[in-house]
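Convention: sequence-line order gives letters A, B, ...; per-chain numbering from 1.
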Amino acid sequence: MCGIVGIYLKNKKYHKDLGKLLTVMMNNMATRGPDSAGFAIYSPEKKKKFKYSVCFQKNDSKSFKKIISKEIKDAKIKVISDHLVIETSSHPSKVLNIIKNFEDLNLVGYGNSIEIFKQVGNPKDVVKEFSLEKFSGTHAIGHTRMATESAITTDGSHPYSTGEDECLVHNGSLSNHNNLRRTLKKRGVEIKSQNDTEVAAGYISDGLSNKKSLKETLIEGLKDLDGFYTFISGTKKGMAIVRDEIACKPAVVAETKDYVAIASEFQAMAHLPNVNKAKIFEPEPGLVYSWGE
Amino acid sequence: MKLNLKKETLRNVNEFLQNVDLKSNNRSFKITNPDGNHAICAGLKEEIEVTIDGHAGYYCAGMNMNADIIINGNVGTGVGENMMSGTVHVKGNASQSAGATAHGGTLIIDGNTSSRCGISMKGIDIIVKGSVGHMSAFMAQSGNLVICGDAGDALGDSIYEAKIFIIGKVKSLGADCEEKKMNEKDKKILKSLLKKAGINEKTFSNFKMYGSARKLYNFNIDNVSEY
C-alpha cells in the first residue's frame, strides 16, 4: 500500500513549522505503511556549503566523526539517531569517495539543501527517533512503507536520492525496473539497491542531468516507467507529483495561498492550517503537477 | 444530536448509529470533525438522517440501508459502496469507485468523481452534477448513472443493463457501450432522477443515453482466435 506525503510552503511564516506539519502527516499515514519510514527536508541553501546525509549501521559515530574531521577540515557534523549530516564546503567529488571507503556507511542523500533520514520501524517511532518536529525548511517529502518489491531494510526505505538535491517517494510497484536498471547503469547512473523505486529515481536523475526539467522528465517517464505509481519527487526548487494513467494509487492535493500539501489520503492533511478553505483535488491520471520547479 | 469524532472513537459512533434506539424520537444526527476517517456511517440500517460536517475518507456510507446521509465535504474511495437503499448526498467531490457494486438507493454527488464511478453497479441511481473519471460504469449491471458534466475514457466498458445519461463530452466509449435512443420510459426515469437531485427537469432533453450493445453477451464463433 504505502503512504506518501509532501508539503511545499509558499509562506515563509510556516518555514519554522515544517517538521511539525510533516510529523502529523506521516503519523496519519502510518497505517498505510508500518514497515519503515523516511523523509527529505529541504532548507534554504547556505552559500557553497554541501550537506551529506549518511546512515551508519554498525560503525559507531564517534570514530567516524574523528576520521571525517581529519579528512575534511571544515566539516560540521550533526548526529541524529543512526544518521549523521556532514556540512562542509568540500565538493561531492571528494566527499563521496571518502564515504565510499567505509563499508558500513550508507550515503542516503546529499546536496546544498536536502537532508534525508530513513529507518526501519513504525513511522510514528521513526519520526520521533529523528525528532522530525524540530526541523524547519521550505519543503519536505515523506514516505511510510508497506514493503512489496524488496526487503524491509533501510536500503529498501524511501525517499531515494540518486542525484544532488533530488529525492523520490513512490506508492505502487514498477514492472520493468530490472530492464530499466540495466539501461540506466550503462548510461552511468548509480543504482545501489534491488528496489524498483530507486530505478525510477535514477531515471529522474538521468533526465535532470541531461538538462531536462523535473516536469519534462516525469512526462517522459509516463512512457518509460511501466507499472502502478503515484510519485512525489523533490528538487532544491520545489516538488512534483504524477500518477500513472490507470491511477489505482491514490493522491489528494490541498492548495492554499500559504502551502501545497500532497498525500495519499485526506486524513494526512486534516490538521493543516485552514485546510477547510483549501482547494482540494485529485491529480488527474497521467498529468504532471509541479510547484516551485 | 452531535457526535464529535475528536472526542468519540469512530467505532463507538458507528456502533451507536447502527443500533439506534427506535423508541427514542431522536432520528437526526450530526458528525463533526470527520477529518478524512474511513468507513464513517458504514452499515447503517434504520431510517435516520446523518450529516457529516467535513471531509470523509474511504467507504463512507458503505452498505447503507434506509438512512439518509449528507456529507458537507469531499469523500474518498468507494462512497456508498454496496449500498442497498436510502440516500447519500456528497456536497463536494468524490474519489474513485463511487457507488461501486451498490444494489439500490440514490447517490448524489454535487461535484466531480474520479475514475470508476458506478463500477459494477447493480441497481443504484447515481447522479453526478459534475464530471466522472475514466472507466465509469464499468461492468454496470443495473440502475442509472446520470452525469451532468463530461466522462473520461472507456465509459460503460463491458456494460450490462445499466443506463448512462450524460450531457457533456464522452472522451471515449468502452467495449460494447453504444448510444441509445431514449424512449418515453427512459425520459420518465431521467426526469425523476433530475428532480430528486434538485436539477431542473426540463434539462432532460440535453442528455444523451448510453447502454449495452449486447455483443459481448454470447460467445461469437468469429472471435474464436481472440481467446
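Both tests hold for Lys279(A) against Phe281(A): distance to the six-membered ring centre under 6.0 Å, angle to the ring axis within 45°. Taking the centre and axis of the six-membered ring of Tyr160(A), the NZ or CZ atom of Lys118(A) falls inside the cone set by 45° and 6.0 Å.
Listed for the Asn64(B) side chain is a donor-acceptor partner under 3.5 Å among the backbone atoms of Ser85(B).
Comparing Gly133(B), Ser95(B), Ala56(B) by how many heavy-atom pairs each has under 4.5 Å with chain A, the most go to Ser95(B). No other option in Ile280(A), Asn276(A), Val252(A), Asn28(A) has as many heavy-atom pairs under 4.5 Å with chain B as Ile280(A).
Not counting sequence neighbours, the partners of Asp110(B) by the side chain to side chain donor-acceptor pair (under 3.5 Å) test are His89(B), Lys129(B). Taking Lys215(B) as the reference, nothing meets the side chain to side chain donor-acceptor pair (under 3.5 Å) condition, with sequence neighbours excluded.
Using a 4.5 Å cut-off between heavy atoms, Glu245(A) touches chain B through its backbone atoms (N, CA, C, O) alone. Residue Asn93(B) touches chain A through its side chain alone, counting heavy-atom pairs closer than 4.5 Å. Ser264(A) touches chain B through its backbone: at least one of N, CA, C or O sits under 4.5 Å from a heavy atom, while the side chain does not.
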